[in-house]
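Below is one structure, written out as structure tokens, with a few remarks after it.
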Number of protein chains: 2
Amino acid sequence: MTAANEDTIANRISRILADRIVTGQLEPGAKLRQDHVAEEFGASHVPVREAFRKLEAQGLAVSEPRRGVRVASFDLKEVREVALMRAELEGLALRHAVPHLTASILEQAEEATFAGDNSRDVRSWEEANRRFHRLILTPCEMPRLLAAIDDLHAVSARFLFSAWRSEWEVRTDHDHRAILGFLRQRNTDNAVAVLERHVQWIGQKPVKGPTGSTRDAFAIVG
Amino acid sequence: MTAANEDTIANRISRILADRIVTGQLEPGAKLRQDHVAEEFGASHVPVREAFRKLEAQGLAVSEPRRGVRVASFDLKEVREVALMRAELEGLALRHAVPHLTASILEQAEEATFAGDNSRDVRSWEEANRRFHRLILTPCEMPRLLAAIDDLHAVSARFLFSAWRSEWEVRTDHDHRAILGFLRQRNTDNAVAVLERHVQWIGQKPVKGPTGSTRDAFAIVG
DNA sequence: GAATCACAAATTATCTATAATTTTATTCAC
DNA sequence: GTGAATAAAATTATAGATAATTTGTGATTC
């Protein structure tokens with residue numbers, strides 16, 4: 001009965017709000033009013049505030065001292081920044097993960113790649129992509145590094161969803177396959193090189209704005 | 001009159017506790033009891049909890065769901081992890097900062113190096129060292145990256161204080177001078193290379209334990 | 001007549017105080 | 001000495017009170 005009671009209410013709220021921000025249900029700049037959120041979750045506003053603090057730390061929300069908290073907005077500059085950080089940190093993680101990679105892990109990563117290629121919507125593609133990256137990076141056994149990468153991944157996913165919200169084109173991920181190939185050969189340098197390029201690849205795509213005009217959206221794809 | 005009232009008291013508490021953890025006044029594993037902290041700051045426990053959440057995000061405290069929060073402990077493995085992350089991220093920041101570096105900034109950085117060499121205690125050395133790194137990295141204009149580096153710096157400082165708590169030997173920082181030299185020549189690659197090595201240098205030092213026995217302490221020095 | 005400044009009301013965040021679970025420590029029985 | 005049961009302490013959440021900012025209205029000035 002107290003199965004889901006493992007974590008606090010604040011954490012649960014934080015996770016759900018994070019998901020809404022990442023998937024674009026909550027738009028950049030939207031105000032997060034603690035009383036409304038509290039009422040929705042049938043809780044008081046104190047755990048809501050703690051959830052806000054966590055979102056702030058993850059870079060998904062920004063808080064002005066006595067003026068409340070809003071969903072963080074982002075521009076191309078920030079997309080690039082996150083891509084560069086991910087490239088550096090994922091490269092570091094992979095270098096240290098390689099000695100601990102097993103055939104089983106690589107097989108699971110290949111399955112994840114396959115699942116990504118066959119995804120019919122953004123959400124399932126993102127899930128598969130995340131699984132791939134996590135599988136090959138987790139064995140580095142550096143918890144703080146992995147946590148930092150996870151946060152950056154969430155922000156990347158937000159960019160992704162903002163560009164390809166509804167439509168999604170199926171495509172095969174050649175980079176993932178190349179990385180797996182190099183990993184099987186224990187060719188660390190090349191695997192890391194491809195991964196770092198892969199993560200920095202920023203896609204652009206014309207998107208219909210709310211007024212009907214089109215603008216260029218952008219998103220990290222790797 | 002409301003000059004210091006710019007930020008919330010949760011932030012103020014968070015900053016002060018962070019400082020105590022970093023300087024070692026609060027030892028690893030020590031329990032942080034919200035009622036005690038609240039009483040000390042003449043506040044209630046709600047802002048204290050928010051401060052705890054921030055410390056948790058910075059990696060200075062760990063919280064178990066219904067069992068309270070403790071000062072984060074650390075081992076050599078984590079010191080290495082933080083050093084590697086700093087190397088990657090500071091390297092990235094420096095590469096993007098170089099085009100925006102001015103003669104004035106480099107001069108201030110040299111003054112910071114000088115101040116570090118003449119420091120007679122750990123605290124003032126750390127302050128000068130931090131100033132140096134911040135000066136040459138800030139012009140990269142990547143706020144998220146700089147925030148991440150700042151958090152890692154705090155953790156590094158914690159390791160430093162834990163090793164050289166009371167005694168401190170004066171020494172000249174050849175790395176800082178080398179970096180400045182390369183930056184003046186606009187030799188980005190060499191400057192970054194030295195910085196990345198510099199940050200990864202982990203010092204060891206025999207330290208008297210509480211029982212009188214000696215053990216090897218360690219600390220990032222750069 | 002339009003615009004700007006001042007004042008006031010309402011909305012919203014922040015904090016204090018209080019109550020309810022949960023964990024931990026102590027005691028008593030076996 | 002070990003186990004369960006009770007008591008104490010601490011964390012988590014709720015409700016209520018306070019302070020600050022925003023927004024709307026009105027008046028005055030250019």
Side-chain angles (χ1 to χ4, degrees), chain A residues 1-21 25-73, chain B residues 1-21 25-73:
Chain A
M1 21 219 96
T2 53
N5 207 355
E6 267 304 299
D7 58 356
T8 168
I9 297 184
N11 277 331
R12 191 162 58 247
I13 295 176
S14 153
R15 267 201 311 277
I16 294 175
L17 289 183
D19 187 73
R20 285 185 195 166
I21 295 173
Q25 293 172 55
L26 285 170
E27 295 195 357
K31 281 203 280 191
L32 293 174
R33 285 186 291 252
Q34 55 185 7
D35 284 349
H36 289 199
V37 178
E39 194 179 8
E40 177 190 344
F41 287 93
S44 164
H45 46 254
V46 175
V48 175
R49 304 188 104 257
E50 295 185 37
F52 285 175
R53 276 309 204 290
K54 191 167 184 181
L55 294 174
E56 201 184 346
Q58 291 175 306
L60 295 176
V62 290
S63 146
E64 287 176 283
R66 299 216 163 233
R67 304 197 34 189
V69 38
R70 315 175 79 96
V71 176
S73 48
Chain B
M1 14 219 100
T2 53
N5 207 354
E6 267 305 298
D7 60 356
T8 169
I9 70 177
N11 277 331
R12 189 161 59 248
I13 294 176
S14 153
R15 268 202 309 276
I16 294 175
L17 288 183
D19 187 73
R20 286 188 194 163
I21 295 174
Q25 294 173 50
L26 285 170
E27 295 195 356
K31 280 203 280 190
L32 292 174
R33 284 186 293 253
Q34 54 185 6
D35 283 349
H36 290 201
V37 178
E39 193 180 9
E40 176 190 345
F41 287 93
S44 165
H45 53 250
V46 175
V48 174
R49 301 188 105 257
E50 295 185 36
F52 285 176
R53 273 312 206 297
K54 190 166 185 181
L55 294 174
E56 201 184 345
Q58 291 175 306
L60 294 175
V62 289
S63 144
E64 286 177 285
R66 297 208 163 242
R67 307 194 34 189
V69 37
R70 313 176 80 96
V71 176
S73 47

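For the numbers below, each heavy atom of this structure counts, side chains included, while hydrogens, waters and symmetry mates do not.
- Between Arg67(B) and dT24(C) there is a side-chain polar atom (N or O) within less than 4.0 angstrom of OP1 or OP2.
- The nearest whole Å value for the distance from the CG atom in Asp35(A) to the P atom in dA17(D) is 15 Å.
- Listed pair Thr8(A) / dA13(D) meets the phosphate criterion, a side-chain N or O lying under 4.0 Å from OP1 or OP2.
- Taking CG of Leu55(A) as the start and CG of Leu17(A) as the end, the distance is 5.5 Å to the nearest 0.5 Å.
- Here the nucleotide nearest the side chain of Ala43(B), chosen from dT16(C), dT11(D), dT21(D), is dT16(C).
- Going from atom CD of Glu50(B) over to atom P of dC15(C) covers 7 Å, rounded to whole Å.
- With rounding to whole Å, Arg66(B) atom CZ is found 15 Å from dA9(D) atom C1'.
- Closest to the side chain of Val46(A), from the set dA15(D), dT22(C), dT22(D), is dA15(D).
- Following rounding to the nearest Å, His45(A) (NE2) and dA15(D) (C1') show an atom-to-atom distance of 8 Å.
- Annotation: of the two residues near DNA chain D, Lys31(A) and Gln34(B), the 5′-most nearest-nucleotide partner is Gln34(B).
- Side chain of Pro47(A), nearest nucleotide from dT11(D), dT14(D), dT16(C): dT14(D).
- When rounded to the nearest whole Å, the span between CZ of Phe52(A) and C1' of dA13(C) equals 10 Å.
- Taking a cutoff of 4.0 Å between a charged side-chain nitrogen and a carboxylate oxygen, Arg53(B) and Glu50(B) do not qualify as a salt bridge.
- Atom CZ in Arg33(A) sits roughly 11 Å away from atom P in dT11(C) (whole-Å rounding).
- To the nearest 0.5 angstrom, Leu32(B) atom CG is 4.5 Å from Phe52(B) atom CZ.
- When all heavy atoms of Ala72(B) and Gly59(B) are compared, the pair lying nearest together is CB-O, 3.7 Å.
- Among dG16(D), dA13(C), dT16(C), the nucleotide with an atom closest to any side-chain atom of Ser44(B) is dT16(C).
- Rounded to whole Å, the distance from CD1 on Ile13(B) to C1' on dT16(C) is 13 Å.
- Nearest-nucleotide assignment on DNA chain D puts the 5′-proximal partner with His36(B), out of Ile9(A) and His36(B).
- A salt bridge is absent between Lys31(A) and Glu64(A); no separation between the charged side-chain nitrogens and carboxylate oxygens falls under 4.0 Å.
- Here dT24(C) presents its P atom at 10 Å from CZ of Arg70(B), a figure rounded to the nearest Å.
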